[in-house]
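For reference, the structure is listed below as structure tokens.
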Amino acid sequence: MHTDDETPFSYPVKVAHISANAVEVKLSANDRERAGLADLWSVLEVKALDATFTVQRWKRDGVRLKGRVTADIVQACVVTLDPVESHIDEPVEVVFVPEGSKLARMPVAIETGEVLLDPNGPDAPEIFTGDTIDAGAVAAEHAALAIDPYPRRADVAFSEHIEGTDEDDKKPSPFAVLKDWKKD
């Protein structure tokens, strides 16, 4: 289901229809959606994008999306520009809470006003507006975050390329220009 021009892969889930019992949702991008994702991600091709999520209520008014996203993409090698195939397999766990929910507020230290974050703890809940969350956008986002920013063919190396030498790195003397000045 395509509902937003910025999100080529969309699968809205009505929050009102989600119960405490987990429901499994399987998503798979079609040809048009894969072409849109390839443009969005600046890759040569998205061969496949699939996601399997369990969707269930979280606390009173939140929703938990948990599962796995897999994708097969083709990128240009940063050295030769030849096509490089990559496989993405990422776990996903996202909690959504409605806008204005007490669960969306970050814990704040009262005396200092600092926001308390645990870098090893769970992510803060995502906020949604309206009555739907977009499971397709979550799948696309997690796949995009797993894309290698510098893909390279396995048999290619930068060994013949030299960035600089010690002589190039040495600062020139400010008097080097004057050494040939009196020779005329």
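Nothing here was measured: the structure is a model prediction, and the numbers come from that model.
- Considering only residues two or more places apart in sequence or on other chains, Asp82 meets the salt bridge (Lys or Arg N to Asp or Glu O under 4.0 Å) condition with Arg153.
- Panel note: side chain Thr54, backbone Lys66; a donor-acceptor pair is recorded below 3.5 Å.
- For the pair Lys14 and Thr132, the tightest heavy-atom approach, listed with the atom from each and the gap, is CD-CG2, 3.7 Å.
- In this structure, NE2 on His87 lies 5.5 Å from OG1 on Thr70, to the nearest 0.5 angstrom.
- The side-chain heavy atoms of Leu27 and Phe53, taken from C-beta on, include a pair separated by under 4.5 Å.
- Distance check, rounded to the nearest 0.5 Å: CG of Leu65 to NE2 of His142 gives 9.0 Å.
- Scored by the side chain to side chain contact (heavy atoms under 4.5 Å, CB included) test, Ala137 finds Thr7, Asp134 as partners (sequence neighbours excluded).
- Not a single salt bridge (Lys or Arg N to Asp or Glu O under 4.0 Å) links Glu126 to another residue, sequence neighbours left out.
- Classification of Asp50 and Lys26 as a salt-bridged pair fails, no side-chain N sitting under 4.0 Å from a carboxylate O.
- Hydrophobic cluster of Val74: the remaining members, joined at side-chain heavy-atom separations below 4.5 Å, are Leu44, listed by chain and number.
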Donor-acceptor pairs are to be reported for all side-chain atoms of residues 88-99 against protein atoms at under 3.5 Å, with residues two or more places apart or in another chain.
unit_1: Asp89; atom_1: OD1; unit_2: Arg68; atom_2: NE; d: 2.6
unit_1: Glu93; atom_1: OE2; unit_2: Arg64; atom_2: NH1; d: 2.5

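- Inter-residue side-chain proximity for Tyr11 and Val138 is flagged as unmet; no heavy-atom pair is nearer than 4.5 Å.
- Taking hydrophobic clusters as Ile, Leu, Val, Met, Phe, Trp and Tyr residues chained together by side-chain heavy-atom distances below 4.5 Å, Trp41 does not share a cluster with Val84.
- Heavy-atom minimum distance, Arg152 versus Cys77: CA-SG, 3.8 Å.
- Partners of Asp148 by salt bridge (Lys or Arg N to Asp or Glu O under 4.0 Å), not counting sequence neighbours: none found.
- Contact of the Gln75 side chain with the Ser86 side chain is registered, since non-hydrogen atoms from C-beta on lie closer than 4.5 Å.
- Across all non-hydrogen atoms, the minimal contact from Ala139 to Ala51 is CB-CB, 3.8 Å.
- Cluster membership for Ile133 and Val23, using ILVMFWY side-chain heavy atoms within less than 4.5 angstrom, is not shared.
- Of the charged side-chain nitrogens involved, none lies within less than 4.0 Å of a carboxylate oxygen, so that Arg34 and Glu45 do not count as a salt-bridged pair.
- Side-chain contact between Thr52 and Glu24 is present, with at least one heavy-atom pair separated by less than 4.5 Å.
- The CZ atom of Arg32 sits 11.0 Å away from the CZ atom of Phe9 when rounded to the nearest 0.5 Å.
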